[in-house]
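One structure is given here, and the rest of the page talks about it.
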Amino acid sequence: MAAAEHAHNENFLSRKGVWEWVRSVDHKRIGIMYLVAILISFVIGGVFALLLRTELMFPGKDFIDANTYNIFFTMHGSIMIFLFIVPGIIASFGNIFLPIQIGAKDVAFPVINRLSFQLYVVGVIIIGFGLLSPADTGWTFYTPYSAKSGTSVISLAAGAFVLGFASILTGLNFVVTVHKMRAPGMHWTRLPLFVWSIYSASLIQVIATPVIGITLLLLIFERIFGVGFFNPELGGDPVLFQHFFWFYSHPVVYIMILPAMGVVSEVLPVFSRKPIFGYKAIAWSSIAIAAVSFIVWAHHLFTSSLSTTVAIAFSFLTFLVAIPTAIKVFNWLATLYGGQIDLKTPMLYALAFVFLFAIGGLTGLYLGAVGVDIPLHDTYFVVAHFHYTIQGGTVISLMGALYYWWPKVTGRMYNEKIGVITFLLVFIGFNLTFIPQFIMGISGMPRRYFDYVPEFANYHFLSTIGAYILGIGYVSAITNIFASTWTGKKCGDNPWNANTLEWKIPSPPPEHNFHDIPTVTEWPYEYGRKAG
Amino acid sequence: MSTSTVTNKKLHDGSKWGNPGPMVYDMSKFGMWLFLGTEILLFAMLFTGYAIYYMKMPEDFHNSAKALSTTFGTINTIILIFSSFTVAWAIECIKKNKVKMMNILLVITILCGVAFLVNKYFEYAHEVHIGNLKLANMQWLGGTGRAVAESAVPSMFFFIYFVLTGIHGLHIIIGLGLLTWVLVKGIKGHFHSGWYTPVEIGGLYWHLVDLIWIYLFPLLYLVA
Amino acid sequence: MTFAAKLFFAVLPPEASTVAGGIDFAFWLITIICGISFVLVEGALIYFVIKYRRKKGEADKITPYLTHSTKLEIIWTVIPTLIMFVIFYYGMITYLELKTPPSGAETLKVTGRMWAWDIEYPICERDAESGIQECYKNIGSTNPVPGKGIPARNPIVVQLGKAYLLEMTSLDVIHSFYVPAFRIKQDVVPGLKTRQWFQAIQAGTFHMFCTEYCGLNHSGMISAIKVLPEAEYKAWEETTRAKLREKIAQQKADLASGKPPSPEMMAKLGEAVYTSKCASCHKLDGTRLVGPPLNGILGKERELSDGSKLVADEAYLLESIVNPKAKVVKGYPAAMVVQVSGDEVPQVIEYLKTLK
């Protein structure tokens, strides 16, 4: 009896010390290390964003010079994309909760999982070396500029290459885990939607990442050996680089957004006390999005040198990807209908996700319609559009996931009042930052501009004010949730009264999740019939 | 979700918690196939690049490919096909518990891989010598790159040739490392008919490397 | 109009080209569709949240057990799909209009380079006697100080109501030719010829931006298009032609007299060449940009990228202008792409001699 009690108090965080973290192959510890790493990247990338916005607050050079500005927007983009949002929810909460949600004791290849994080760290170090002479190419590395720029493009590209490897290993691990390690009774139709979304995103990671790998490698060869693959002076085609680049980088936005949709699909039913509406539609639309995402890349090249027919074909395909996305939104709304909606912080973030992502999706329709895209392409309209989908989508959802799951990880509850206030700061700041950017973009303000014509001054000013509010909001929201680790009240194993498997085990979870592998007998959204 | 309990099922029957079992074999093979898929996609992009430039400048490809030595290429192709056969045989041997035979076959496979690389080295050296390796920034490699680069526009075919064979060569080196690791474990007696997953994984990888060469050979050497 | 109306309706730039109206129609159509969808989706979201909100201290309720409805799924798959087709259709027809130049359009040759545009007009004068031909080129159309509004210097002049076909290429990296008021944008790619056409329907001066990131001074690559009504345009063209004739006459006179022009004259011509072709990379106040500063260059000691040193003389300047990659100053990229023609080179050198 005493031994059993002792075993119950032991959890995956019990063994202390840095070495325990470094050597651990526990998916939960790796997930937490990923989480901390990506949040640090997020804050650094955010600081760069604020520096950019400060320069743009007024027209003319008044804070940093053009060269520094170009370096800063490259750093902002690269850090946010490669270090933060691509590993993002998959590597952090995916790692912590995917194995538990399917009733497994770990991922399929725990050592490879650790290798993934180690590669992530190596990638960060390589990119860090590049800071000695920071690249100024933008995160998109368009040739021939990236082949000519006198800055350390190689280290940024090589770092991104290594990070891509880390991403492949994580994706591969999750695909095998979902296929092979589901608990007895955990049929495909009983998988939590978070697992479905991570699974779809992992498939994209495995399929698309090698393409960016080889593209960056070719760019590195071009710089070191003078290979002329993309060099027009040597017979190469610079636009081919864009094709290769977007063949990866378009699907990658779904690597970012699918897990976010998964989080929302978990949070909405729990806090409205209703089953998720249209489980199959949501699960299949994830797979559909993953599939269609591979045949829309050229919509990033509408103004480059596509033939008219190709451009129109890609415009058509682009609209195909909008349909599964719309289906998801409608199903989420239907989930809310008739529920008992508890406006706790995670739910607020989930609702904000639906709100902001709908705006991001609707503005995507302008960009998919090829004729309308032409004047909007490469303007602030595009900047605002992808921030609404990626930040308003993925980052907001990541915040929701933090508030939803951190009490599970630590067993302690955050401060609800501060949670709600910081949420409001984020929500208001976000819209204030990016709505003016939509308007500027329609008026013709090009992106990646250090300086601008005076007509845009008011919009830029508003946007900068919004960015400051947003920055304060994020930092205080993240501080609030992490502070709960030490200051929060104990909240028991299942504070949200949720049904997925992670809530059936103690908080913090035991080292191997389950003492005995559970047998699953029903789907995880059994809310509503019984009260509570 | 209501759950009931089954008997204490060990964590994926893995070696850390029990004997390496069929589940590890199953998962490892599945994972390896996925990984091979990513490798094929990596080369697929290079083949796409090949196709695009071939359509743009078929003359350049025909003429440049003539400069390659078909003899070298054919010998290397035979070496790799033979090594694929030996590694497959090695797997068959361990399934029947013939550890010693497996080790001998692995050594032969590794020697084949080394022979391939030596062959490739002479081929590269030859191409640098006759000036096909006209890469612009090669000065720092000690060649006479500068003079060559200024006098002639390098051929796109040779860019693709060096990138494709270079990355393939890198895969050969990685494959050799993997097989050497398997061999060391084999000599130490880690494998038997009940546990040979690493042998099979290493073999799969080696087959992939060979398979890619089978595509590279006609595209590069026989296109003339 | 009220501020709100201004905010919503004045955000689009003026519709100054023939294609702008069609694109704006598609734009507003999508806006209406998105507006309705926005109100429905966000309205439902907010309504549900308010209506089904859990009130303080409220006990757990039994909520309806709704899991799926095939009918609803079909409805909200089919309706958006149909709407997508409509939007796609309007995107397609506006794009076709944008990409199909009318026959007989006047061709302008556009060359992008870091960080200016060169435009060659088919406005030529030819002296039948000597065979000398001069065509009008707008070299270095850019405004280095974007914060100061529409540049007055060197705008690209076009005629109202005339169709133009732009044949574009780039000397260095990818640029993009964007005129918001015309709703046109086309990337300008080195090694490729891209095409775009327009026909202005409104006189005035309009912004022209580079929208593909092209390095240090990308945001300074702002220029302007000046649309002139026919009469004014004809006047401008006549002045331009007169200047060309003057230039030809000058050349003829030089040829006839057989004596070289005076150094002062050369330096004066050199200054114009410098401003249009060199100034975007080489400053004259001793500070570095992409290339080294060139004030007082003659007689200065230069350290080259291979570590050797030399004193800059006329021969060195000549070599560096004609073959920029031969001797690269340490710490600078060998990135010069601008071509300076044979008769301009001595003029530029003469001009550089005058600087301290």
Side-chain angles (χ1 to χ4, degrees), chain A residues 59-60 66-67 138 142 144-145 148 150 232 238-239 273-275 277-278 281 303-305 308 312 315-316 319 322-323 326-327 329-330 333 336-342 354-355 358 362 365-366 369-372 374-375 377-378 439 442-444 446 448-451 453-454 528-529 531-532, chain C residues 11-13 23 26-27 30 34 37-38 41-42 44-45 48-49 52-54 60-68 73 76-77 80-81 84 87-88 91-92 94-95 98-99 146-147 149 173-174 176 180 183 185-187 189-192 194 207 209 211 213-219 333 335:
Chain A
N67 188 35
Y142 272 18
Y145 184 69
K148 292 185 178 205
V239 180
R273 308 314 302 163
K274 274 191 68 210
F277 192 85
T303 66
S304 70
S305 61
T308 318
I312 289 170
S315 167
F316 183 79
F319 282 110
I323 296 162
I327 292 173
V329 172
F330 295 134
L333 287 178
L336 295 176
Y337 170 79
Q340 187 179 22
I341 297 169
D342 200 353
V354 179
F355 188 91
L362 288 171
L365 299 180
Y366 293 85
V370 51
V372 181
I374 298 296
H377 189 89
D378 267 340
I439 301 172
I442 295 168
S443 308
R448 295 179 168 176
Y449 262 35
F450 155 72
D451 197 359
V453 291
R529 261 185 210 155
Chain C
V11 289
L12 281 166
I23 291 179
F27 178 89
I30 300 174
C34 286
S37 317
F38 178 82
V41 169
E42 314 291 32
L45 180 76
F48 288 162
V49 167
Y52 302 116
R53 191 177 81 251
R54 184 186 193 129
D60 290 348
K61 269 200 299 215
I62 297 177
T63 53
Y65 190 79
L66 306 166
T67 58
H68 66 279
E73 297 288 352
W76 64 44
T77 306
T81 309
M84 302 294 170
I87 298 178
F88 163 72
M92 181 180 74
T94 49
Y95 182 70
L98 201 59
K99 286 288 147 187
V173 300
I174 302 177
S176 192
R183 311 287 187 278
K185 181 180 291 142
Q186 174 61 52
D187 285 7
V189 185
L192 272 183
T194 51
H207 287 303
F209 298 116
T211 47
Y213 174 66
C214 56
L216 181 65
N217 204 15
H218 168 54
S219 54

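Everything numeric here is computed off the predicted structure, so don't read it as measured data. Just so it is clear: chains get the letters A, B, ... in the order the sequence lines come, proteins before strands, and each one is counted from 1.
C:Asp60 is not listed as a side-chain neighbour of A:Arg273, based on a closest heavy-atom distance of 4.5 Å or more. In this structure, the side chains of A:Leu336 and C:Tyr52 stay at 4.5 Å or more apart for every pair of heavy atoms. For the pair A:Lys274/C:Leu66, a side-chain contact is recorded, criterion being any heavy-atom separation below 4.5 Å from C-beta on. Under the 4.5 Å side-chain criterion, counting only non-hydrogen atoms from C-beta, A:Pro232 is not in contact with C:Leu192. A:Pro375 has its side chain within reach of C:Ile23: a pair of non-hydrogen atoms, C-beta onward, lies under 4.5 Å apart. Counting only heavy atoms from C-beta outward, the side chains of C:Asn217 and A:Phe450 never approach each other to under 4.5 Å. Taking 4.5 Å as the limit, every side-chain heavy atom of C:Arg183 sits out of range of all side-chain heavy atoms of A:Ile374. Two residues are said to be in side-chain contact when any heavy atoms from C-beta on lie closer than 4.5 Å; A:Phe330 and C:Pro80 meet this criterion.
Per-residue counts of heavy-atom pairs under 4.5 Å with chain A were compared for C:Thr67, C:Ile174, C:Thr77; the largest is that of C:Thr67. Your options are A:Pro275, A:Ala369, A:Gly138, and the one with the most heavy-atom pairs under 4.5 Å with chain C is A:Pro275. Put simply, of C:Pro190, C:Ser37, C:Ala44, C:Pro180, the one with the most heavy-atom pairs under 4.5 Å next to chain A is C:Pro190. Ranked by non-hydrogen atom pairs under 4.5 Å with chain A, the options C:Phe48, C:Phe27, C:Trp76 are led by C:Trp76. Interface summary for chain C: among A:Pro144, A:Ala66, A:Gly278, A:Gly338, the most heavy-atom pairs under 4.5 angstrom belong to A:Gly338. In terms of heavy-atom pairs under 4.5 angstrom with chain A, the leader among C:Leu216, C:Thr81, C:Leu98 is C:Leu216.
C:Gln186 touches chain A through backbone and side chain together, each having a heavy atom under 4.5 Å away. Contacts between A:Tyr142 and chain C at a heavy-atom distance below 4.5 Å involve the side chain alone, from C-beta outward. Interface residue C:Ile87: backbone and side-chain heavy atoms are both found under 4.5 Å from chain A. The part of A:Val329 that comes within reach of chain C is its side chain, from C-beta onward, which places non-hydrogen atoms under 4.5 angstrom from that chain. At a 4.5 Å heavy-atom cutoff, the contact between C:Cys214 and chain A is made by backbone atoms alone. Both the backbone and the side chain of C:Ile30 come within less than 4.5 Å of a heavy atom in chain A. Contacts between C:Lys99 and chain A at a heavy-atom distance below 4.5 Å involve the side chain alone, from C-beta outward. C:Val189 touches chain A through its side chain: at least one heavy atom from C-beta onward sits under 4.5 Å away, while N, CA, C and O do not. For a residue to count as touching a neighbouring chain, one of its non-hydrogen atoms must lie under 4.5 Å from one of that chain's; by this rule C:Thr194 touches chain A with the side chain only.
Ring geometry for A:Tyr449 against C:Phe209 counts as perpendicular: the plane angle is over 60°, on a 0 to 90° scale with 30° as the lower cut.
No hydrogens or angles considered: a donor-acceptor pair under 3.5 Å links the side chains of C:Asp187 and A:Thr303.
Minimum heavy-atom separation, A:Phe355 to C:Phe38: CZ-CZ, 4.3 Å. Minimum heavy-atom separation, A:Arg448 to C:His218: O-CD2, 3.1 Å. Closest approach of C:Phe88 and A:Ser315 over heavy atoms only: CD1-OG, 3.5 Å.
Within the model, atoms CG of A:Leu333 and CD of C:Glu42 stand 8.5 Å from one another, a figure rounded to the nearest 0.5 Å. For the atom pair A:Leu365 CG and C:Cys34 SG, the distance stands at 4.5 Å (nearest 0.5 Å).
The main-chain N or O of C:Val173 is never found under 3.5 Å from a side-chain atom of A:Lys148 such that the two would form a donor-acceptor pair.
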